[in-house]
Amino acid sequence: MLGATKALLRGETAADRGLAALRGATTWLNSPPLTADGLRGKVVLVDFCTYTCANWLRTLPSLRAWDAKYRQHGLVVIGAHTPEFAFEHDLDNVRRAITAMQVEYPIAVDNDYAIWNGFSNQYWPALYLIDAKSAVRFTHFGEGAYDESERAIQKVLGEAGASGFSRELVTVAAPGIEAAADWDNLRSPETYLGSEQGESFVRNAARLRLNEWTVGGDWTLGSKAVVLKQPNGRIAYRFHARDVNLVMGPTGRGASVRYRVRIDGQPASGGADVDAQGQGVVTEQRTYQLVRQAPPIEDRQFEIEFLAAGVEAFCFTFG
């Protein structure tokens with residue numbers, strides 16, 4: 001409270017405090033370090049992200065499109081990459097992910113949560129639109145509101161004197177894991193597998209109920225993930241959604257582990273990270289899209305079997 005009171009007496013805004021926290025970035029990608037002084041008088045869109053977050057991944061097509069359309073008219077898009085999992089602190093992982101996702105706007109690597117705390121943020125994803133007078137003019141937390149967000153960008157740019165951009169809203173093509181969720185048929189929540197946040201785990205279940213999960217084989221249950229110690233371990237989940245995604249990776253850098261995915265006992269297909277026989281390979285720590293099924297969407301049994309040891313699984317997400 002004392003700090004906030006002093007900031008008010010100095011005439012600082014929430015945007016001032018947030019942008020000042022950019023100095024706490026541990027490094028920058030796609031740009032030299034950006035500063036509050038250097039951004040003064042500019043229209044800035046700060047987007048909080050972490051590269052495995054499926055909710056953020058589904059907003060990425062719009063972010064790329066806004067950067068491409070409005071950068072020349074004065075919009076500065078900044079991604080604040082604030083990690084959720086320990087491996088998301090690894091700069092090599094972040095750099096690889098940002099490159100693979102074709103993100104070209106500046107990324108502030110926020111490993112110490114300095115920017116997150118500067119904005120008093122609590123969400124992935126989260127948008128903060130700051131006008132040329134250092135006022136936060138628009139916020140949005142979570143997915144959606146793309147048209148509303150873009151109209152706010154246009155309004156604030158126009159007030160800053162920008163012109164010449166089309167008022168027609170962008171349209172995006174979003175394949176794979178970036179495609180919008182099938183909200184009408186989504187009945188399964190994000191589910192963490194580690195003991196710290198894990199829910200709905202059932203031991204030795206002969207039959208799972210909706211949104212319950214279990215493991216088979218030799219696994220170690222850690223605080224953040226389940227870790228496979230012997231080959232041919234399985235994870236099963238009874239779900240109701242179009243898509244099944246799993247945050248996972250090999251336990252050793254440079255290692256790879258083959259897997260097979262089945263739905264109701266049959267090879268799964270349609271996910272970006274499985275072939276026509278439902279097979280794939282874990283090669284890096286990221287979100288894998290394992291299932292994209294066609295209607296009708298019903299309660300189904302998902303199972304992934306790993307053919308070798310040395311894999312850790314963190315979190316299911318659905319779409």
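All heavy atoms count here, side chains included; hydrogens, waters and symmetry mates do not. Keep in mind that what you see is a predicted model, and the values were worked out from it rather than measured.
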- Report the C-alpha separation of L22 and L39 in whole Å, then their side-chain angles, then the decisive distance to 0.1 Å, and conclude whether the side chain to side chain contact (heavy atoms under 4.5 Å, CB included) test is met. CA-CA 11 Å; L22 291 174; L39 294 169; 3.6 Å; yes
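- Although no hydrogens or angles enter the test, the distance criterion places no donor-acceptor pair under 3.5 Å between the side chain of W56 and the main chain of P125.
- Between Y128 and F119, the ring-plane angle classifies as tilted under the 30° and 60° cut-offs.
- Nearest heavy atom pair, residue P106 against residue N30, reads CA-CB, 4.1 Å.
- Not one N or O on the side chain of K69 forms a donor-acceptor pair closer than 3.5 Å with the backbone of F165.
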Checklist line | CA sep, side-chain torsions, deciding dist, call: Y146, L169, side chain to side chain contact (heavy atoms under 4.5 Å, CB included) | finding: CA-CA 9 Å; Y146 302 113; L169 302 181; over 6 Å; no
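- In terms of hydrophobic clustering, with Ile, Leu, Val, Met, Phe, Trp and Tyr side chains grouped at heavy-atom distances under 4.5 Å, V244 and V247 are assigned to different clusters.
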Please report the C-alpha distance between N211 and Y237 in whole Å, then the side-chain angles of each, then the deciding distance to 0.1 Å, and finally whether the side chain to side chain contact (heavy atoms under 4.5 Å, CB included) criterion is met. CA-CA 7 Å; N211 298 327; Y237 193 117; 3.7 Å; yes
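- Smallest separation of non-hydrogen atoms from V274 and Y259: CG1-CE1, 4.0 Å.
- Between L127 and L129 the shortest side-chain heavy-atom distance does not fall below 4.5 Å.
- The six-membered or imidazole ring of F316 lies away from that of F239, with a centre-to-centre distance of 6.0 Å or more.
- Taking every heavy atom of both residues into account, V43 and A160 meet most closely at CG2-CB, 3.9 Å.
- If you take CG on D47 and NE2 on H81, they are separated by 10.5 Å, rounding to the nearest 0.5 Å.
- Atom CZ of R23 has 12 or fewer neighbouring heavy atoms from other residues, nucleotides or ligands inside a 6.0 Å radius.
- The backbone N or O of H240 lies less than 3.5 Å from a partner atom in the side chain of S188, making a donor-acceptor pair.
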Mind listing the side-chain donor-acceptor pairs of residues 276-283 below 3.5 Å, one per line with the distance, residues two or more places apart or on another chain?
none

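- Counted within 6.0 Å of CD on E199, heavy atoms from surrounding residues, nucleotides or ligands total 12 or fewer; the atom is thus considered open.
- Under a hydrophobic-cluster definition in which Ile, Leu, Val, Met, Phe, Trp and Tyr are linked whenever side-chain heavy atoms come within less than 4.5 Å, directly or via other members, F138 and I78 are assigned to different clusters.
- In this structure, the side chain of Q293 does not engage the main chain of G271 through any donor-acceptor pair within 3.5 Å.
- Salt-bridge formation is not detected for the pair R64/D67: no Lys NZ or Arg NE/NH1/NH2 atom is positioned less than 4.0 Å from an Asp or Glu carboxylate oxygen.
- Side chain of Y113 to backbone of P83: a donor-acceptor contact under 3.5 angstrom is found.
- Cluster annotation: L45 and I115 are assigned to distinct hydrophobic clusters (Ile/Leu/Val/Met/Phe/Trp/Tyr, side-chain heavy-atom contacts under 4.5 Å, transitive).
- Taking a cutoff of 4.0 Å between a charged side-chain nitrogen and a carboxylate oxygen, R238 and E212 do not qualify as a salt bridge.
- The cluster map of Ile, Leu, Val, Met, Phe, Trp and Tyr, joined by side-chain heavy atoms under 4.5 Å apart, puts I235 and L208 in different clusters.
- Smallest separation of non-hydrogen atoms from F87 and T52: CE1-CG2, 3.7 Å.
- No donor-acceptor pair closer than 3.5 Å links the side chain of N93 to the backbone N or O of E88.
- Taking a cutoff of 4.0 Å between a charged side-chain nitrogen and a carboxylate oxygen, R262 and E305 qualify as a salt bridge.
- Judged by distance alone, with hydrogens and angles left aside, the side-chain atoms of R137 form no donor-acceptor pair with the main-chain N or O of S134 at under 3.5 Å.
- Side chains of E84 and T50: no donor on one and acceptor on the other come within 3.5 Å.
- Of the charged side-chain nitrogens involved, at least one lies within less than 4.0 Å of a carboxylate oxygen, so that D273 and R286 count as a salt-bridged pair.
- Of the possible donor and acceptor atoms, none in the side chain of R58 sits under 3.5 Å from a partner among the backbone N and O of N55.
- A donor-acceptor pair under 3.5 Å is formed between the side chain of D90 and the backbone N or O of D92.
- When side chains are defined from C-beta on, N232 counts as touching L307, because their heavy atoms get closer than 4.5 Å.
- Between W213 and F201, the ring planes are tilted. Angles from 30° to 60° get that label.
- Between the N111 side chain and the H89 main chain, a donor and an acceptor come within less than 3.5 Å of each other.
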Worksheet item: Going through the distances and angles, do M248 and I304 end up as a side chain to side chain contact (heavy atoms under 4.5 Å, CB included)?
Response: CA-CA 12 Å; M248 59 181 178; I304 183 168; 4.1 Å; yes
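- The CZ atom of R167 sits 9.5 Å away from the NZ atom of K155 when rounded to the nearest 0.5 Å.
- No continuous path of ILVMFWY side-chain contacts below 4.5 Å connects V215 to Y192, so the two sit in separate hydrophobic clusters.
- Two rings, from F318 and F302, have their centers 6.0 Å or more apart.
- Ring planes of F314 and F85: tilted class, angle from 30 to 60°.
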